[in-house]
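Remarks on the structure that follows.
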Amino acid sequence: MMNLEKLQSDVKEIGADNGPDFIYRFLLSYGMPKATIARLRLNITGEEQSPVHVPNKIYYQFTSKSNLLSLFNLLKRDNLNKIKARFICIANKDNILAYDMNTEETLLSSKKELYKSFDFFFPLIGREKKVITSHVTVNIKAAERFAELYNELVIANKGTNDVDKIVSNLMSRLLFCFFADSVGLISRGAINKIVYNFSEESGTNLSYLLESMFKAFFIKDRNGVPDYLMELPFLDIHMFNTPIELPRFNKRTRKLILEISELDWSDVNPDILGSLIQSIVSTDKNNINYNFTSVPNIYKLIGPLFLDELYEAYESSKNEYQECLNLLNRISKIKIFDPACFTGNFLIVIYKELKELESKIVESMRNLPNSKEVITSSLNISQFYGIEKNEFACIVTRLGLFFTECQISILQNGRLTFVDHLLEDLNRNNIIHGNATRISWNDICPNSDNEIYVVGNPPYKGARKQSKEQKDDVEFVFRNHNNIKDMDYAACWFYLASKFVGNSKNAFAFVTTNSLTQGQLVGLLWPKIFDENVHISFAHTEFKWKNSGKNNTAVTVVIIGIRSDVSPKRKFIFTQTTAYEVPWINPYLTAPKVIVKKQRKPISNLPPMPKGNMPYDKGHLLLEPHEVQELVNQYPTSKKFLKRVMGSDEFINDLERWCIWIDDKDLNEALLIPPIKDRINHVKKFRLNKLAKPPHQFRETNITKTYSLIIPSVSSERRTYIPIGFVNENTIITNLAFSIYDCDPWVFGVISSKMHNLWVRTVCGRLESRIRYSSQLGYNTFPFPDISNSQKESIKRCVYDIITERENQSEKSIAQMYDPDNMSEGLLYTHMILDANIERCYREEPFHSDQERLEFLFDLYNRKGD
DNA sequence: CATCCGACAGCAA
DNA sequence: TTGCTGTCGGATG
């Protein structure tokens, strides 16, 4: 067992020393044998940049380049999977980027501070579970205390009008005070001291004390400021310049304030700040989910959008004084605009990044022999624009940017200088409180000749889950279009941003739900976007949402970057481990140039595929096996009115479920059975004013005479084939599966085929990443040639073979038979034969890859559409 | 009439 | 708490 404390202190020492032996000493502390390290050293050919590689453990490359993320993207172009290592690391003189191939986490740190995240590399010493480092716990503690204070105040002031408003007003002023305290805008520890000394322990006069404190900041001539507040400076901050109503305090809330003010607020990590605020405002009732974007995800977005390019420009111009000056000038004019900024994570991270680039340029210039004048930084927070609907979050963004500016100033000058200048920046305020779907973006961030980059993570909300207000917003944004009621809320931002960057050299990129790149949304939204003369410039394919908050939202996201057609750039599709250049990126975030729209009827010669029957019953027409037992035992005649039902779950996992199924002519007889009558009454109640269909029946009453095909609408994406099957006339298929009634067996063959499965995976929607079969999108659009009877016969034989093969293992459920890790050879073989038969319907020459199959299908689809 | 979706939902390990 | 995998209902075209 390794001594973790020693490990951490070793990493700290190695990072601080930062000699040329960094990686070797690093590996040594993580328990790598001395012999291995000696061997690694031998491999070095003298080139500074040759990588250090311990197979299956770590791959480390040193670089002289300053932007590690760009280099990481570059490395992805050769596919990280080819490098056999758990950790991929890139480092330059000061910083290190590490990527964990298993957990897909990215760590970006200075070498000096690497010890704070030393647990990131625990897998190297055989520990998977991470411990939380003290550095992080302090910040989380601050966040939790702050949220606790908020909640306690709301409880303590219950009954007061506008409690939330009053409390959040106070919270923003307190947040300001704690930050101001940490950067020395107020003398350090002053807030804690004043509250401790001059308020009653019971908290009764704290409200009054704080009021006087806030007032004191705004009295320029200090007239009327009580002696005990004289150490507070005059700070002309417009957004706090109006008196506010304060909540009542008690012993507990006073104590919390004291505790919070004792914590160190000097580390404005936007990630932490975001989690802090999210925990406070995420209980919001106006149906907006507040989520902050993690720092690694922000980097995924800003790199390809503009940062990589700026760094390239820097690398190529750092030896030319004039070119450096031009670049500085360019940076000082860039505008960054987040129209859904929440607590400003994007803006703060980008501000820091640009500031760092700027200082690198300045440093390069100073070192040039012909360096003339003294160059100083000119990038400032008034180049950062934002819109945020939540007022509190909006204020936090302003404060976050301002204090980041203060911190950088302290870092560069050793102390806080030009305070008036800084305050002026804060007062200029380009962070607007408002609804981004309603106000003109151009008024907030005026288009000019200079570059504007729009970034962010706009709120997602599916069409059926939007509030009335959000629905109206969508209607308003797309007021010039028809057929827009199924838009996701986030689509508003994509459309408005496309209008904003169209025909300019501006560009935008958003983190967003993968729903926008799938299923019906593709056909609904993207043609409208492309009409604005823009195209997808880069994309990061889907990954699971993650941030450092407590409860991670269950959602799968993508990153999409969009540019105007007048200023195209090289196009890249990124995955977690690769980056490849493509000539074109479609809304599915793949390369072929195609958009598949919903079809009412099959475009090929295939029978119609309706959805199954929907109970629409709040469960009252459905019965579990034990309920059937009880019912039949008590009322044997009820047997006549019971049928098996099958949705996806029942079919795939071999579950038994029953329903009440009554022909109209038998209704009176059925009503004689009290439990059935009872159930029907419940359904009647539920359907009141909703549905005309009589309450003893499902909403649809389709039934087969012979056999019907069942196709699950949602199923696991891990299976090679979407399992489908036949059911007889005694089974009712529910709305959770599709069906083809009285289905000819050769159709089973078409739907089971690899060709069809590929098509469905590509053009249908998903539930997160699950397969979501749909008839209008995947079946009706499927291009399949007209085939002869003899072709149908041979497909039929393949189908019978598959069915026989399934019967041979009938003790298993479909899920077990099609378990991707455990499919029987027989079943695999019969499917393979079927695939070959189906593919011969398209052409004689065999297909060599799925890529080729898809391209062939898209081509056929495009031609069928004509 | 009948569909496609969910900043998901619910269960098991 | 994480991993796995499909419910349910209804506004919408």
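Naming convention: chains lettered A, B, ... in sequence-line order (proteins, then strands); numbering from 1 in each chain.
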**Request:** Considering just the side-chain nitrogens and oxygens of A/Q520, establish if one lies under 4.0 Å of OP1 or OP2 belonging to B/dT3.
**Result:** no

**Asked** What's the closest nucleotide to the A/Y460 side chain, out of B/dA7, C/dG10, C/dG13?
**Response** B/dA7

**Message:** Which is more 5' along DNA chain B, the nucleotide nearest A/R766 or the one nearest A/K611? Just name the residue.
**Reply:** A/K611

**Item:** Charged N-O contact under 4.0 Å between A/R761 and A/E717
**Value:** no

**Prompt:** Looking just at side-chain N and O atoms, do A/N297 and A/K300 make a donor-acceptor pair shorter than 3.5 Å?
**Reply:** yes

**Message:** Can you see whether A/T577 engages A/N81 through a side-chain donor-acceptor pair at a distance of less than 3.5 angstrom?
**Reply:** yes

**Item:** Any A/K618 side-chain nitrogen or oxygen under 4.0 Å from OP1 or OP2 of C/dC8
**Value:** no

**Prompt:** B/dA7 and C/dG13: how far apart are their C1' atoms, nearest whole angstrom?
**Reply:** 26 Å

**Prompt:** When only distance counts, do a donor and an acceptor, one from the side chain of A/N702 and one from the base of B/dA2, lie under 3.5 Å apart?
**Reply:** no

**Message:** Check this for me: does the side-chain of A/R699 come within 3.5 Å of the base of B/dT3 through a donor and an acceptor?
**Reply:** yes

**Message:** If you assign each of A/E700 and A/V557 to its closest nucleotide in DNA chain B, which residue comes earlier from the 5' end?
**Reply:** A/E700

**Message:** Classify A/L767 by what it touches in the nucleic acid, base, sugar-phosphate, or nothing, heavy-atom distance under 4.0 Å.
**Reply:** base

**Asked** In whole Å, what is the span from the NZ atom of A/K690 to the P atom of B/dA2?
**Response** 21 Å

**Message:** Categorize A/S775 for me: base, sugar-phosphate, or nothing, with a 4.0 angstrom heavy-atom threshold over every strand shown.
**Reply:** sugar-phosphate

**Asked** Which part of the nucleic acid does A/K471 contact within heavy-atom distance under 4.0 Å: base, sugar-phosphate only, or nothing?
**Response** sugar-phosphate

**Request:** Give one of base, sugar-phosphate or nothing for A/D486, where a contact means two heavy atoms less than 4.0 Å apart.
**Result:** sugar-phosphate

**Request:** Ignoring hydrogens and angles, state whether a donor on the side chain of A/S775 or A/N780 is under 3.5 Å from an acceptor on the partner side chain.
**Result:** no

**Message:** Tell me whether the side-chain N/O atoms of A/Y616 come closer than 4.0 Å to OP1 or OP2 in C/dG10.
**Reply:** yes

**Request:** Could you tell me whether A/D488 contacts a base, only the sugar-phosphate backbone, or nothing, with contacts defined as non-hydrogen atoms closer than 4.0 Å?
**Result:** nothing

**Item:** Side-chain H-bond candidate by donor/acceptor type, A/S824 with A/Q809, under 3.5 Å
**Value:** yes

